[in-house]
2 protein chains.
Amino acid sequence: MSNSRVELPVLAPEVVPCCPPLTSAELSEADAVKTAAMFKALGDPVRLRLFSKVASHPGGEACVCDVQDVGVSQPTVSHHLKKLREAGLLASERRGTWVYYRVEPSVLAALARLLDLNR
Amino acid sequence: MSNSRVELPVLAPEVVPCCPPLTSAELSEADAVKTAAMFKALGDPVRLRLFSKVASHPGGEACVCDVQDVGVSQPTVSHHLKKLREAGLLASERRGTWVYYRVEPSVLAALARLLDLNR
DNA sequence: TGTCTATATTGACACCCGTCAATTCCCGGT
DNA sequence: ACCGGGAATTGACGGGTGTCAATATAGACA
C-alpha cells in the first residue's frame with residue numbers, strides 16, 4: 001500500500017482554536033457547542049486521569065501501556081482514549097507494536113485561555 | 001417551618017481548590033473525581049452559555065432573567081444553574097424578587113491553573 | 001506461515017442526563 | 001390576605017454514556 005499516509009487521523013479542523021476568555025464576552029451557541037465538547041471529554045474521572053497521565057508523561061507522549069492502569073478494562077481504556085482523540089485533546093500515532101498518545105497543545109491552550117481570569 | 005435558613009446552600013468546602021497543572025503530575029483518583037465534576041458541569045452547551053453569560057455580565061453577577069434566553073424552558077435553565085452551583089462554579093443569592101448568580105473566582109482559577117501549559 | 005502481544009471494535013446492558021409540562025415556592029405590591 | 005411574577009421542584013420520557021466480555025485487527029518475531 002502507498003506509504004504516503006500522513007497519519008494524524010481525526011482532529012477535525014474546526015475543533016482547534018476558539019474563543020476569548022469566558023469572563024470577557026458570552027459565547028455564541030456554535031462556539032458553546034464546540035467548546036462544551038472538549039470540557040465534556042474531560043468531564044469523566046477515568047478520561048481525566050488518562051489525559052493527565054499522557055500530559056504529565058516524560059517526553060510529552062505515552063503509549064497505552066503506560067497509562068492503562070486506571071482501574072477499568074482494556075477496551076474501556078481504548079474507548080476513552082478514542083473520545084479524547086475525537087474531542088481534539090489527544091493525538092495518536094502508531095509506531096511498531098505500540099500506539100502513542102500526546103496532548104494537542106494548541107487545544108489545551110485554548111481551553112486555558114477560555115478560563116483565564118485576568119482579563 | 002422555621003425561617004432560620006442561612007441561605008448560600010451548596011458549594012461544599014472540598015470542591016474549592018485542587019491540583020497542580022495537568023502537565024506536571026498525574027491526578028489521583030480522588031482529585032480526578034472532584035475535578036471531572038467541574039469539567040462535566042461545563043460540558044453541556046446550554047450550561048456553558050449560561051456560565052459564560054454570568055461570567056461576562058457587567059458587575060460580575062446576573063439574575064436569572066438576564067441569562068435565561070438560551071433556547072430552553074425556564075425549568076431547564078433553573079436545572080442547569082443548579083448543576084453549575086453544585087459543581088462549585090457559581091454561587092447564588094436571592095435579593096428580593098430576583099436570584100443573582102456570580103462566578104466563584106477561586107474555582108475558575110483552579111481550573112485555569114490545571115490547564116496551564118507553561119511550566 | 002503461525003503465534004504472541006498490543007490495541008481497537010462490536011454488541012449488550014444498566015444507568016445517567018437533558019428536556020419539558022405541571023406544579024410549587026418565595027417575595028412584593030395592592 | 002390576596003394576587004402576580006420570578007424562580008425552583010417534581011415527575012416523566014427519550015436518548016446518550018460508561019462499562020465489560022467477546023472478538024477483531026495490526027505488527028513483531030519465530
Side-chain angles (χ1 to χ4, degrees), chain A residues 1-3 5 7 9-10 29 32-33 36-51 53-54 61-87 90-102, chain B residues 1-11 29 32-33 36-51 53-54 61-87 90-102:
Chain A
M1 62 295 283
S2 97
N3 58 355
R5 308 246 325 285
E7 203 73 43
V10 246
E29 182 176 356
V33 169
M38 300 185 200
F39 284 127
K40 187 176 184 179
L42 295 176
D44 177 86
V46 171
R47 276 200 297 272
L48 188 57
R49 287 189 75 196
L50 287 171
F51 184 82
K53 278 170 175 279
V54 171
E61 63 177 14
C63 78
V64 179
C65 59
D66 289 326
V67 302
Q68 68 182 351
D69 182 26
V70 288
V72 295
S73 70
Q74 176 268 321
T76 300
V77 168
S78 188
H79 168 73
H80 284 309
L81 287 173
K82 183 180 184 180
K83 289 262 186 145
L84 288 167
R85 190 160 38 88
E86 288 172 345
L90 294 181
S92 68
E93 181 190 2
R94 169 160 228 139
R95 289 206 297 276
T97 304
W98 293 279
V99 176
Y100 292 85
Y101 283 79
R102 65 180 183 284
Chain B
M1 58 290 286
S2 94
N3 57 355
S4 61
R5 306 256 323 286
V6 192
E7 203 72 42
L8 293 179
V10 246
L11 189 59
E29 182 176 356
V33 169
M38 300 184 201
F39 283 127
K40 187 176 184 179
L42 296 176
D44 176 85
V46 172
R47 276 199 298 273
L48 187 56
R49 287 190 76 196
L50 288 171
F51 184 83
K53 278 171 175 279
V54 171
E61 64 177 13
C63 79
V64 178
C65 58
D66 289 326
V67 302
Q68 67 182 351
D69 181 25
V70 288
V72 297
S73 70
Q74 177 269 320
T76 301
V77 168
S78 189
H79 168 72
H80 283 310
L81 288 172
K82 183 180 184 180
K83 289 263 186 141
L84 288 166
R85 190 160 37 87
E86 289 173 344
L90 293 181
S92 68
E93 180 191 3
R94 170 161 228 138
R95 290 205 296 276
T97 304
W98 294 279
V99 176
Y100 291 86
Y101 283 78
R102 65 180 183 282

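Each chain gets a letter, A, B and so on, in the order its sequence line appears, and its residues count up from 1. The model shown is predicted, which means the values in this text are computed figures rather than measured ones.
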**Student:** Counting side-chain heavy atoms from C-beta on, which of dA8(D), dC20(C), dT7(C) comes nearest to Ser78(B)?
**Tutor:** dA8(D)
**Student:** Base, sugar-phosphate or nothing for Val46(A)? Non-hydrogen atoms, less than 4.0 Å.
**Tutor:** sugar-phosphate
**Student:** Using a heavy-atom cut-off of 4.0 Å across all strands, would you classify Thr76(B) as base, sugar-phosphate, or nothing?
**Tutor:** base
**Student:** Would you say Lys40(A) and Lys83(A) make side-chain contact, with heavy atoms under 4.5 Å?
**Tutor:** no
**Student:** Touch check for Tyr100(B), heavy atoms < 4.0 angstrom, all strands: base, sugar-phosphate only, or nothing?
**Tutor:** nothing
**Student:** Atom CG in Leu81(A), atom NZ in Lys53(A): separation rounded to 0.5 Å?
**Tutor:** 11.5 Å
**Student:** In terms of side-chain heavy atoms of His79(B), which of dG18(D), dC20(C), dG18(C) is nearest?
**Tutor:** dG18(C)
**Student:** Rounded to the nearest angstrom, tell me the gap between atom CG in Asp66(A) and atom C1' in dT7(C).
**Tutor:** 13 Å
**Student:** If you assign Gly43(B) and Val64(A) each to the DNA chain C nucleotide with the nearest heavy atom, which residue ends up on the more 5' nucleotide?
**Tutor:** Val64(A)
**Student:** On DNA chain D, check which nucleotide each of Gly96(A) and Asp44(A) is closest to and give me the residue with the more 5' one.
**Tutor:** Asp44(A)
**Student:** Assess whether one donor atom and one acceptor atom, taken from the side chain of Gln74(A) and the base of dA6(C), lie less than 3.5 Å apart.
**Tutor:** no
**Student:** What contact category does Arg95(B) fall into here, base, sugar-phosphate, or nothing, at under 4.0 angstrom with non-hydrogen atoms?
**Tutor:** nothing
**Student:** Can you figure out which of dA21(C), dA8(C), dT17(D) approaches the side chain of Lys83(A) most closely?
**Tutor:** dT17(D)
**Student:** List the atom of Leu48(A), the atom of Ala36(B), and the distance in Å for their closest heavy-atom pair.
**Tutor:** CD2-N, 3.5 Å
**Student:** When you measure from the side chain of Arg94(A) to the backbone N and O of Gly96(A), does any donor-acceptor pair fall under 3.5 Å?
**Tutor:** yes
**Student:** Among dT7(C), dC17(C), dT19(D), which is the nearest nucleotide to the side chain of Lys40(B)?
**Tutor:** dC17(C)
